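The structure presented is a predicted model; accordingly, all values stated were derived computationally and were not measured.
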Number of protein chains: 2
Amino acid sequence: MTDSPWKAAGDRQSEREAKRIAVLTVAAQAFNETGYHATSLDDIARRLNVSKPTIYYYVKNKEEILFECARMGLELMEEAANEVIGSGGSVYDELIAVMHKYAEIVTMDFGMCLIRVGEEPLNAESRRTLRTLKRGIDAKFRSLIQRGIEAGEIVPCDAKVAAFMLAGALSWIARWYRPDGPLTPQQIADQHIALIMSGLRVRGG
Amino acid sequence: MTDSPWKAAGDRQSEREAKRIAVLTVAAQAFNETGYHATSLDDIARRLNVSKPTIYYYVKNKEEILFECARMGLELMEEAANEVIGSGGSVYDELIAVMHKYAEIVTMDFGMCLIRVGEEPLNAESRRTLRTLKRGIDAKFRSLIQRGIEAGEIVPCDAKVAAFMLAGALSWIARWYRPDGPLTPQQIADQHIALIMSGLRVRGG
DNA sequence: CCGTTATCCTACTCCCCGGTAACATGGCTT
DNA sequence: AAGCCATGTTACCGGGGAGTAGGATAACGG
């Protein structure tokens with residue numbers, strides 16, 4: 001639970017932006033715990049020690065909150081991928097690095113919201129926008145896999161299906177991960193990636 | 001879209017049960033297309049060529065519809081696993097067979113509803129019941145993996161994490177599968193299972 | 001045939017919750 | 001000091017949809 005910045009003082013412009021982020025963050029946490037529809041704006045307001053109309057000062061409506069949460073999650077993934085890709089390692093290492101970041105983001109507020117809530121409650125246009133962003137991430141995964149195949153580092157396969165499989169295995173973490181569990185996000189990511197890469201079948205034989 | 005059995009004639013008892021199943025099936029289809037909350041009981045009734053109160057003659061309320069859909073999905077999985085396990089093959093083959101059935105169920109009405117909608121809209125007790133059933137499925141996967149490890153057929157790993165990874169990769173299919181896509185559920189299942197088993201990394205070297 | 005019961009419909013109620021109107025407050029500028 | 005704008009609040013509206021009351025109809029048993 002992020003503290004709300006209400007009661008602190010400071011600039012004017014940046015303060016406003018910080019509060020907006022706080023609204024989104026707290027909302028994402030609430031959505032992840034209770035679900036989108038089961039979370040009322042009064043619930044969110046209560047968590048922020050604020051009244052409901054105040055939220056409307058920072059955000060257009062409930063739908064925009066979810067849209068922005070999902071967009072932030074996708075933005076984190078996009079940035080993570082851009083950071084890694086072309087950073088100088090082998091395609092194989094890059095793929096692992098991107099997967100690792102993906103898995104971690106999926107355990108964080110916005111990333112988890114993206115997976116858990118999804119885009120179902122949004123209108124057609126917002127869904128289209130999000131799907132476009134998702135396709136961007138997916139394309140990066142596919143490209144890495146395809147280049148890995150060509151480099152002889154990745155097993156020959158349909159890169160499209162492989163990307164789905166991989167995204168599924170990692171996204172699913174968001175459905176069962178709890179911060180108070182025995183494993184840290186890093187450990188979970190490591191184990192998942194190791195299994196995805198090496199496969200369940202024993203080698204040789 | 002399953003036809004509704006309204007207008008046919010026949011027994012009395014079995015007819016009633018058939019109609020109840022039709023309500024659940026059509027509801028699951030609607031939930032999968034539109035989402036649980038965005039689907040009104042009037043929508044479901046319209047698809048059945050029936051008025052809303054008629055639905056209440058076969059079902060207690062909207063929550064029970066979702067609960068039953070999810071329960072049916074889990075029941076299918078449970079049955080599939082029981083059919084396979086102990087049927088005489090190697091542990092490895094059994095695991096593959098269960099995964100295959102799991103992947104197919106997840107592309108069907110109830111299985112897809114189980115994954116897409118989830119248990120979030122349900123009350124605490126219903127959620128507990130479903131979670132218990134889920135744990136049963138999960139335990140079967142873990143047991144197969146564990147026995148596979150001991151038999152030297154599965155790579156040594158944390159069976160718990162492996163089961164999650166596997167369930168995630170297969171469940172995710174429900175999020176993007178469309179019946180009018182280029183791949184059949186069988187093909188999707190085959191490719192996913194092949195990748196999960198062999199891993200993305202090239203062998204040897 | 002006639003009563004009984006299963007089945008289904010029309011026409012409501014009721015409440016939750018997203019969204020808004022209109023007013024209060026307090027800091028910054030001039 | 002005086003007013004303006006950003007920020008919040010209380011108190012409300014309105015719609016949508018879950019769920020129900022009560023009546024019509026039709027199948028079935030005697």
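- As rounded to whole Å, 12 Å separates atom C1' of D:dT7 from atom CD of A:E15.
- Between B:K19 and C:dC8 there is a side-chain N or O to OP1 or OP2 distance below 4.0 Å.
- Figure legend: cation-pi geometry between A:R16 and A:Y57, with NZ or CZ positioned under 6.0 Å from the six-membered ring centre and within 45° of its axis.
- For A:R16, whose side chain is taken as the heavy atoms from C-beta onward, the closest listed nucleotide among C:dC9, D:dG8, D:dT7 is D:dT7.
- Between B:Y36 and B:F31, the ring planes are perpendicular. Angles over 60° get that label, and only those under 30° would be called parallel.
- Mapping A:P53 and A:Y57 onto DNA chain D via the closest heavy atom, the residue that lands nearer the 5' end is A:Y57.
- Here CG of B:D190 is found 11.0 Å from CG of B:L195. Values are rounded to the nearest 0.5 Å.
- For the pair B:I65 CD1 and D:dA18 C1', the interatomic distance rounds to 11 Å; values are reported in whole Å.
- Distance check, rounded to the nearest 0.5 Å: CZ of A:R201 to OG of B:S198 gives 5.5 Å.
- Checked against C:dT7, D:dT7, C:dC9, the side chain of A:Y58 finds its nearest nucleotide in D:dT7.
- In this model, the phosphate group of C:dC9 is approached by a side-chain N or O of B:S51 to a distance below 4.0 Å at OP1 or OP2.
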Using nucleotides 12-18 of chain C, report all nitrogen or oxygen pairs with the protein that are shorter than 3.5 Å.
| unit_1 | atom_1 | unit_2 | atom_2 | d |
| --- | --- | --- | --- | --- |
| C:dG18 | OP1 | A:K62 | NZ | 2.9 |
| C:dG18 | OP2 | A:L41 | N | 2.9 |
| C:dG18 | N7 | A:K52 | NZ | 2.9 |

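- Distance, A:I55 CD1 to D:dT7 P: 15 Å, rounded to whole Å.
- A perpendicular orientation is assigned to the rings of A:Y102 and A:F141, their planes being inclined by more than 60° (bins at 30° and 60°).
- If you take CD1 on B:I85 and CG on B:L144, they are separated by 4.5 Å, rounding to the nearest 0.5 Å.
- The CD atom of B:E63 sits 8 Å away from the P atom of D:dG19 (whole-angstrom rounding).
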